[in-house]
Engineer: 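One structure follows; several queries about it will come next.
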Amino acid sequence: MAKIAKRIKAARAAVEGKANLPLAEAVKLVKSNASAKFDETIEIAMNLGVDPRHADQMVRGTVTLPAGTGKTVRVAVFARGPKADEALAAGADIVGAEDLMETIQSGKIEFDRCIATPDMMPIVGRLGKILGPRNLMPNPKVGTVTPDVAEAIRAAKGGQVQFKVEKAGVIHAGIGKASFDDASLIANARAFVDAVGKAKPSGAKGSYMRKISLSSTMGPGVTVDVADANAQEAAKTAAE
């Protein structure tokens, strides 16, 4: 425990007094503090000026990270017949219908993304209370209810990340691994921020992106300059 305590203390000391850093500096600092024995995930958290209790302030969507996530994504697909065969050929880890529903109802959830063909939704709908809180419920708005299961599977395994604002107005996601080079993490972070920016709801008032922070799985967080993290804003600044 003493070694862990020393590592945490050193990590906290490294970020003390540092805030609103340019994205490149924040990435470098967070990576330097990712000293666990495993390849830590680099995570982004965004505080938004929205109240998701109002339908016109809900923020959700997907983004394909240019450098991928570094994570193996297990995909479950609700499909029958030719669509089930198509899903298996595309690399789905689990494919089923009523049998898959029963497996999930038993508490066995061994997947990270759930996709369904439209005709399967009467079955999937029964699992809302189980899959919903885990952000695994298929939804046509993010492309996980679709007749094109092969494309949805390729997207899920190819670096696509889903995001959805939580009650406190926070969105968070993994944007890569500590083993990624700085440029890859910067590109992923900007792609994520850009996607959240494009998903700004009509009901959002005042400042939309209030705070952005980066952290590693076991490390402390550091705040990032919002304008610098936004690809479009960064481009404008560079042009000026």
Side-chain angles (χ1 to χ4, degrees), residues 19-20 22-23 26 42-66 69 73 112-118 120-122 124-125 127-149 151-152 154-156 158-176 186-215 221 223-240:
N20 293 321
L23 180 59
I42 303 303
E43 301 174 352
I44 189 169
M46 301 179 65
N47 292 73
L48 305 179
V50 298
D51 183 351
R53 292 176 297 179
H54 301 288
D56 66 346
Q57 294 188 49
M58 173 55 65
V59 181
R60 72 183 306 161
T62 62
V63 56
T64 298
L65 301 180
T69 63
V73 179
D112 309 296
R113 184 74 60 86
C114 188
I115 296 166
T117 55
M120 289 285 100
M121 288 312 291
V124 180
L127 301 170
K129 291 184 179 180
I130 300 173
L131 298 179
R134 295 173 171 82
N135 201 26
L136 291 172
M137 190 67 179
N139 189 310
K141 292 182 179 179
V142 294
T144 48
V145 177
T146 174
D148 192 352
V149 293
E151 177 56 33
R154 284 191 287 269
Q160 186 187 73
V161 172
Q162 294 183 1
F163 57 86
K164 180 181 178 181
V165 69
E166 299 175 352
K167 291 181 180 179
V170 176
I171 281 181
H172 61 83
I175 56 166
I186 290 170
N188 280 358
R190 286 200 168 131
F192 188 87
V193 172
D194 184 56
V196 173
K198 290 177 179 177
K200 182 179 179 179
S202 60
K205 306 297 182 183
S207 176
Y208 177 53
M209 294 185 188
R210 294 182 174 177
K211 182 179 178 182
I212 299 175
S213 63
L214 291 181
S215 65
T223 55
V224 181
D225 182 87
V226 174
D228 187 67
N230 188 305
Q232 294 181 349
E233 290 299 323
K236 289 180 183 178
T237 301
E240 293 172 358

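Throughout, residue positions are numbered sequentially from 1 according to the sequence presented.
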Engineer: Does Asp194 form a salt bridge (Lys or Arg N to Asp or Glu O under 4.0 Å) with Arg190? I'd like the steps, not just the answer.
Structural biologist: CA-CA 6 Å; Asp194 184 56; Arg190 286 200 168 131; over 6 Å; no

Engineer: Going through the checks in order, is the side-chain contact (heavy atoms from CB on, under 4.5 Å) test met by Leu136 and Leu127?
Structural biologist: CA-CA 10 Å; Leu136 291 172; Leu127 301 170; over 6 Å; no

Engineer: Measuring from Ile212:CD1 to Leu23:CG, what's the distance to the nearest 0.5 Å?
Structural biologist: 8.5 Å

Engineer: Enter the distance from Thr146:OG1 to Glu151:CD here, rounded to the nearest 0.5 Å.
Structural biologist: 8.5 Å

Engineer: Taking all heavy atoms of Thr144 and all of Cys114, pick out the closest pair and write down the distance.
Structural biologist: CB-O, 3.5 Å

Engineer: Looking at Val73 and Arg113, what are the two nearest heavy atoms and their distance?
Structural biologist: CG1-CB, 4.2 Å

Engineer: Looking at every heavy atom in both Ala152 and Gly143, which two are closest together, and how far apart are they?
Structural biologist: CB-O, 3.8 Å

Engineer: Asn188 and side-chain contact (heavy atoms from CB on, under 4.5 Å): which partner among Val63, Leu65, Ile42?
Structural biologist: Leu65

Engineer: Walk me through whether Lys164 and Met58 qualify under side-chain contact (heavy atoms from CB on, under 4.5 Å).
Structural biologist: CA-CA 8 Å; Lys164 180 181 178 181; Met58 173 55 65; 4.2 Å; yes

Engineer: Do you know the tightest heavy-atom contact between Ala116 and Met120?
Structural biologist: CB-CB, 4.3 Å

Engineer: Given Tyr208 and Val59, is the side-chain contact (heavy atoms from CB on, under 4.5 Å) satisfied, shown in steps?
Structural biologist: CA-CA 11 Å; Tyr208 177 53; Val59 181; 3.5 Å; yes

Engineer: With salt bridge (Lys or Arg N to Asp or Glu O under 4.0 Å) as the rule and sequence neighbours excluded, what pairs involving residues 43-65 come up?
Structural biologist: Asp51-Arg53

Engineer: Can you tell me how far CE of Met137 sits from NZ of Lys129, rounded to the nearest 0.5 angstrom?
Structural biologist: 12.0 Å

Engineer: Which value, rounded to the nearest 0.5 Å, describes the distance between Ile115 atom CD1 and Asn139 atom CG?
Structural biologist: 12.5 Å

Engineer: Could you measure the distance from the OG1 atom of Thr69 to the CD atom of Gln160? Nearest 0.5 Å is fine.
Structural biologist: 11.0 Å

Engineer: Give, for atom CG of Asn20 and atom CG of Asp225, the distance between the pair rounded to the nearest 0.5 Å.
Structural biologist: 6.0 Å

Engineer: How close do Ala191 and Pro66 get, counting heavy atoms only, and between which atoms?
Structural biologist: CB-CD, 3.7 Å

Engineer: What are the two closest heavy atoms between Phe192 and Ala173, and how far apart are they?
Structural biologist: CE1-CB, 3.5 Å

Engineer: As a quick check of understanding, evaluate side-chain contact (heavy atoms from CB on, under 4.5 Å) for Ile175 and Val161, giving each step before the final call.
Structural biologist: CA-CA 8 Å; Ile175 56 166; Val161 172; over 6 Å; no

Engineer: Just jot down the side chain to side chain donor-acceptor pair (under 3.5 Å) partners of Gln57, sequence neighbours excluded, or say none.
Structural biologist: none

